[in-house]
Amino acid sequence: MTPTLHPRLLNGPAGDPAVFVEALHAPGAILFDCGDLSTLSTRHLLRVDLLCVSHTHMDHWSDFDRLLRPLIGRETTLRVVGPPGIAAHLHHRLASYTWNLVDRIAAELVIEATEVHPDRLARMRFRLRAGFAPETLPDAAQAPDGTVLRLGALRLRAALLDHGTPSLGVAVEEEAHLNILADRLGALGLPAGPWLTGLKAAVAAGLPDDHPVPIFARAAEAAGAPTQPLGRLRDMVVATEGQRVAYLTDFADTAANRAAAVALAHRADTLFIEAPFLAEDAAHAAARQHLTTSAAGAIARAAGARRVIPFHLSARHLGQEARWLAEIEAAFGRALNPSV
């Protein structure tokens with residue numbers, strides 16, 4: 001199965017948290033936190049259309065301006081999802097700048113903020129042409145499964161965790177993963193190429209059998225390409241369980257937090273999970289409402305995660321990375337195998 005989601009930790013295990021997620025054949029990208037975005041090029045920053053902020057402690061929020069700066073002058077919408085209070089933090093951040101010349105900028109930048117509350121989704125909009133003045137939008141209902149929004153074939157689920165302040169855990173999931181059966185493609189004498197993305201989209205949307213699907217081997221041939229009815233092509237596509245990437249950071253090791261974290265990360269193909277402190281520092285971790293290596297590995301094991309990428313290593317343990325990884329692996333029950 002060719003994976004759709006391609007996530008990467010930007011700053012290594014001890015750097016300020018940020019994860020960049022790309023989706024195959026999708027122009028947009030997703031960010032989990034924005035503590036340090038200095039490794040991303042402007043080209044990558046311009047692709048971000050969803051930012052998920054766990055909470056606004058400085059190491060998770062400080063580089064928002066690096067994302068904002070290249071978006072000024074671009075006709076685009078940035079969606080920001082975070083815990084209760086994220087809209088106010090966003091408003092104060094935007095209000096720290098002077099926007100008196102925005103009438104000279106033709107392209108409209110819209111930022112839509114969604115706060116995840118226990119019983120609802122509170123929404124607010126900020127528009128460049130309005131000087132980013134806050135505009136309250138109607139609340140949305142909280143979905144029973146924690147779904148916050150949908151991005152085409154992807155959905156974002158979230159859960160509130162306790163870090164002395166609400167900290168948002170998130171998971172990006174495919175509704176289903178669609179694969180092309182190469183033998184059937186060959187049997188029909190059809191070429192591989194970018195047209196297969198359109199075929200998958202038509203199947204995912206449940207379009208009727210007479211829907212015409214353009215067939216072309218190269219993108220330059222798309223205009224005027226011959227078509228075939230979806231009904232003749234549908235059997236080339238098979239659906240399997242969708243891919244899932246979860247991100248869990250900054251929460252105390254309590255029974256309630258563990259339950260919420262395990263449910264959100266259930267059968268994650270890739271789980272990013274904080275593990276700031278060694279097992280022997282459990283009291284220190286509890287006082288700061290963070291996880292130990294043992295807790296992180298146990299949560300990953302209980303969730304049935306396939307691939308685990310730990311991060312947020314405390315500076316007090318720099319130079320002890322091998323021991324840090326060994327403790328997580330012992331609690332997880334097998335090697336982390338980050339290349340899987």
Side-chain angles (χ1 to χ4, degrees), residues 1-8 19-32 44 46-52 76-81 112 114 116 121 123 140-159 168-182 184-185 190 192-216 219 222 227-247 263-272 305-307:
M1 181 180 79
T2 301
T4 296
L5 299 173
H6 297 266
R8 58 188 171 101
V19 170
F20 185 75
V21 185
E22 299 175 279
L24 190 67
H25 302 310
I30 301 168
L31 268 176
F32 299 153
H44 286 99
L46 288 172
R47 292 182 55 201
V48 175
D49 51 20
L50 172 61
L51 167 64
C52 302
T76 190
T77 297
L78 172 67
R79 285 182 274 194
V80 178
V81 175
E112 295 181 351
T114 299
V116 179
L121 302 175
R123 301 167 60 239
Q142 176 69 280
D145 66 354
T147 297
V148 175
L149 55 82
R150 296 180 183 273
L151 301 162
L154 304 177
R155 65 173 178 170
L156 177 74
R157 294 172 56 236
L168 196 69
V170 291
V172 174
E173 306 171 346
E174 288 182 286
E175 298 288 352
H177 189 85
L178 300 180
N179 299 281
I180 300 296
L181 298 176
R184 296 186 187 179
L185 180 69
L190 298 174
W195 74 276
L196 294 172
T197 300
L199 171 61
K200 290 180 182 179
V203 170
L207 298 181
D209 283 349
D210 61 357
H211 173 77
V213 178
I215 299 172
F216 48 93
T227 66
Q228 290 202 20
L230 177 60
R232 185 167 185 262
L233 307 171
R234 195 185 299 274
D235 287 347
M236 291 170 41
V237 183
V238 61
T240 57
E241 184 179 15
Q243 191 181 354
R244 181 176 298 116
V245 175
Y247 178 81
L264 185 64
H266 179 63
R267 297 185 65 179
D269 293 275
T270 303
L271 169 60
F272 295 88
R306 177 168 177 259
R307 176 188 182 211

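Computed from heavy atoms alone, side chains included, the values below leave out hydrogens, waters and symmetry copies.
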First locate atom [atom1] of [X], then atom [atom2] of [Y], and finally report the distance between them rounded to the nearest 0.5 Å.
X	Y	atom1	atom2	result
L196	I180	CG	CD1	4.5 Å
L24	T197	CG	OG1	7.0 Å
R155	D145	CZ	CG	4.5 Å
L5	E173	CG	CD	9.5 Å
R157	R150	CZ	CZ	11.0 Å

Practice task
Let me know which of L168, V170, L50 forms a side-chain contact (heavy atoms from CB on, under 4.5 Å) with F32.
Solution key: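 Only one of L168, V170, L50 forms a side-chain contact (heavy atoms from CB on, under 4.5 Å) with F32, namely V170.
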Quick check: closest heavy atoms across [X] and [Y], and the distance to 0.1 Å?
X	Y	result
R123	A140	CD-CB, 4.3 Å
A141	L121	O-CD1, 3.9 Å
F216	P194	CE1-CG, 3.6 Å
D210	P229	CA-CB, 4.5 Å
L154	A23	CD1-CB, 4.2 Å
M236	L185	CE-CD1, 3.4 Å

Problem - Neighbour count above 12 (heavy atom, 6.0 Å) for R8 CZ - result: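 Yes, CZ of R8 has more than 12 neighbouring heavy atoms, counting only those of other groups under 6.0 Å.
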Any side-chain heavy atom of [X] within less than 4.5 Å of one from [Y]?
X	Y	answer
L156	I30	no
Q142	V116	yes
T227	I215	no
F272	P7	yes

Exercise for the section: Show your reasoning for whether side chain to side chain contact (heavy atoms under 4.5 Å, CB included) applies to L190 and W195. Expected result: CA-CA 10 Å; L190 298 174; W195 74 276; 4.0 Å; yes
Handout entry: E174 side-chain N/O to Q243 backbone N/O, donor-acceptor pair under 3.5 Å
Key =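 The answer is yes, because a donor-acceptor pair under 3.5 Å joins these two groups.
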Problem - Main-chain N/O of H266 paired to R244 side chain as donor or acceptor, under 3.5 Å - result: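 Side chain of R244 to backbone of H266, a donor-acceptor pair under 3.5 Å: yes, one is there.
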Practice task
Indicate the ring-plane relationship of H44 and F20, choosing parallel, tilted or perpendicular according to the 30° and 60° boundaries.
Solution key: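 Taking F20 first and then H44, their aromatic rings stand perpendicular (interplane angle over 60°).
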Problem - CA sep, side-chain torsions, deciding dist, call: V19, V245, side chain to side chain contact (heavy atoms under 4.5 Å, CB included) - result: CA-CA 11 Å; V19 170; V245 175; 5.7 Å; no
Exercise for the section: Please step through salt bridge (Lys or Arg N to Asp or Glu O under 4.0 Å) for the pair E112 and R79, ending with a clear verdict. Expected result: CA-CA 5 Å; E112 295 181 351; R79 285 182 274 194; 5.2 Å; no
Problem - CA sep, side-chain torsions, deciding dist, call: T76, D49, side chain to side chain contact (heavy atoms under 4.5 Å, CB included) - result: CA-CA 8 Å; T76 190; D49 51 20; 5.6 Å; no
